[in-house]
Amino acid sequence: MALSSMLLTTACGSSDASGGDAKATAAVPAGFPVTIGNCGVRTTYDKPPSRVVTIHQHPAELMLALGLEDRMVGTAFPDSAVLPELKKSYEAIPELARREPSFEKILDAEPDFVYGGYGSAFAENEGRSRKAFADAGIDTHLNREYCGRKRVTMKDTYDEIRTIGKIFGVPDRADELVADLQARVDKTTTAVKGMPQVSVFVYDSGDKSAFTAGGKSLGTELVRLAGGTNVFADLDDVFGDVSWEQVVERKPEVIAVYDYAGAGSVREKKEFLLSQPALADVPAIRNKRFVVLPLTATLVGIRSAYAVEDLARGLHPESFR
């Protein structure tokens, strides 16, 4: 089932923009209490959370894709434009801050659950540690991408969705969403099957050196599923810096530009790359072959399945005509 159709069938409860306690008085779903281990924190939920603050965009979109907008009382730190089918619901939820909100600002929303996307959501030096929230009687969950695992894969995306579905008592919705995303990926991999692999350099940011996706990143798997190879797959990290000389040596055919707020516009990034004399003979630069991906689409969340298709269309356009 298409995600947009699924949203129409799974959205339920109050449409109150403030979220409120629409579920607080509802019967506790079967399967509770639920105990979840997350990044070293073990939490037992006697009932689904009813007042949720999400920090960073990918947790918010995952919640919305599961039809849980009635539980959401605040969002924060939008990275990019929201998926069109989620835009209306997203905009109906109060935005607490353009970046990570303060601990006090989050408390003002009276949440019983805070869901963070990046590790910075629970930065101890900014007073937002998970212990601080626990001491305030608020449960927390951190996207599994930041749990210190050695390598991030699409399985992490599917597991994250199912975990959130379990916490909120909607496992069937989670299974349906995972099936939809898996079908989207399968359709793309079938379209590019048998095509020659295209070499890809991921450009996140940087001028003196290039900040790129390494072999442990989800980005490397997205490139592989799209019919390409990450030229820095041997970089033993999720992200890391490489020299421009290394980029030249590896002769990427396509450059995947990560787009997100605070790192320069896509236009600026392209202009920078195209203006560097040292890169002039790199095939991707010579042929001006770029694929733009919102950073949100390369993280553990619902966008990763979309990113596979977007990448594949850029690497193998002939397979989609």
Side-chain angles (χ1 to χ4, degrees), residues 3-4 6-24 26 29 34 36 38 43 45 47-97 100-101 106 109-118 121-122 133 138-146 156-178 180-181 294 296-297 299-306:
L3 174 59
S4 55
M6 195 186 115
L7 286 167
L8 293 175
T9 59
T10 61
C12 64
S14 170
S15 60
D16 181 359
S18 64
D21 290 307
K23 292 291 180 181
V34 167
I36 301 292
N38 169 245
T43 304
Y45 300 89
K47 61 182 180 180
S50 62
R51 295 184 62 86
V52 181
V53 166
T54 58
I55 305 177
H56 305 117
Q57 188 172 333
H58 47 304
E61 290 190 339
L62 196 160
M63 290 280 295
L64 292 173
L66 288 173
L68 296 170
E69 61 267 27
D70 60 312
R71 323 286 182 93
M72 299 172 69
V73 296
T75 65
F77 209 149
D79 284 317
S80 55
V82 179
L83 285 171
E85 58 265 43
L86 303 177
K87 188 173 185 290
K88 184 177 179 180
S89 296
Y90 185 88
E91 291 179 346
I93 301 163
E95 183 181 284
L96 304 185
E100 291 94 348
I106 296 169
E110 301 182 347
D112 57 4
F113 184 85
V114 178
Y115 183 9
Y118 303 117
F122 301 116
F133 283 110
I138 301 168
D139 293 323
T140 57
H141 185 88
L142 178 60
N143 185 293
R144 70 186 52 233
E145 187 165 356
Y146 290 85
D156 289 298
T157 287
Y158 305 142
D159 287 348
E160 181 76 2
I161 292 168
R162 289 192 171 106
T163 296
I164 297 301
K166 190 175 182 181
I167 290 172
F168 285 88
V170 290
D172 291 345
R173 297 186 199 178
D175 287 341
E176 189 174 2
L177 178 56
V178 167
D180 174 65
L181 298 179
T296 312
L299 305 171
V300 171
I302 63 168
R303 295 261 196 136
S304 50
Y306 291 69

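- For Ser50 and Asp112, the side-chain atoms include at least one donor-acceptor pair closer than 3.5 Å.
- A donor atom on one side chain and an acceptor atom on the other are found under 3.5 Å apart for His56 and Glu100.
- Side-chain atoms of Thr54 and Thr75 include no donor-acceptor pair closer than 3.5 Å.
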Intermediate values then yes/no, side chain to side chain contact (heavy atoms under 4.5 Å, CB included), Leu64 and Tyr90: CA-CA 7 Å; Leu64 292 173; Tyr90 185 88; 3.7 Å; yes

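- For the pair Glu95 and Pro78, the tightest heavy-atom approach, listed with the atom from each and the gap, is OE1-CG, 3.7 Å.
- For the residue pair Val114 and Phe122, the shortest heavy atom distance occurs at O-CZ, 3.6 Å.
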Test log, rule side chain to side chain contact (heavy atoms under 4.5 Å, CB included), inputs Tyr118 and Leu142: CA-CA 7 Å; Tyr118 303 117; Leu142 178 60; over 6 Å; no

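- Under the side-chain contact (heavy atoms from CB on, under 4.5 Å) criterion, Glu110 pairs with Arg51, not counting sequence neighbours.
- Side-chain atoms of Ser304 come within 3.5 Å of backbone atoms of Gly301 as a donor-acceptor pair (strictly under, hydrogens ignored).
- For Glu69 against Ser89, the heavy-atom pair with the smallest separation is OE2-OG, 4.0 Å.
- Between Asp139 and Phe133 the shortest side-chain heavy-atom distance does not fall below 4.5 Å.
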CA sep, side-chain torsions, deciding dist, call: Leu68, Val52, side chain to side chain contact (heavy atoms under 4.5 Å, CB included): CA-CA 10 Å; Leu68 296 170; Val52 181; over 6 Å; no

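- Annotation for Leu83 and Glu61: closest pair N-OE2, 3.3 Å, computed over non-hydrogen atoms.
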Derivation and outcome, side chain to side chain contact (heavy atoms under 4.5 Å, CB included), residues Phe113 and Val53: CA-CA 7 Å; Phe113 184 85; Val53 166; over 6 Å; no

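- Contact between Leu96 and Pro101 at its shortest, heavy atoms only, is CB-CB, 4.3 Å.
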Pairs of donor and acceptor atoms involving the side chains of residues 160-171, under 3.5 Å and at least two apart or interchain, shall be tabulated with distances.
unit_1 : atom_1 : unit_2 : atom_2 : d
Glu160 : OE1    : Arg144 : N      : 3.3
Glu160 : OE1    : Arg144 : NE     : 3.0
Glu160 : OE2    : Tyr115 : OH     : 2.6
Glu160 : OE2    : His141 : NE2    : 3.4
Arg162 : NE     : Asp175 : OD1    : 3.1
Thr163 : OG1    : Arg144 : NH2    : 2.8
Thr163 : OG1    : Asp159 : O      : 2.9

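- For the atom pair CG of Leu86 and CE of Met63, the computed distance is 12.5 Å after rounding to the nearest 0.5 Å.
- Residue Asn143 holds its CG atom at 9.0 Å from CG of Asn38, rounded to the nearest 0.5 Å.
- Ile138 and Pro111 get closest at one heavy-atom pair: CG1-O, 3.5 Å.
- Annotation: the span from Ile106 atom CD1 to Ile55 atom CD1 amounts to 3.5 Å, rounded to 0.5 Å.
- Distance alone, capped at 3.5 Å, is enough to place a donor-acceptor pair between the Gln57 side chain and the Asp79 backbone.
- Note that CD of Glu145 is 7.5 Å distant from CG of Asp156, once rounded to the nearest 0.5 Å.
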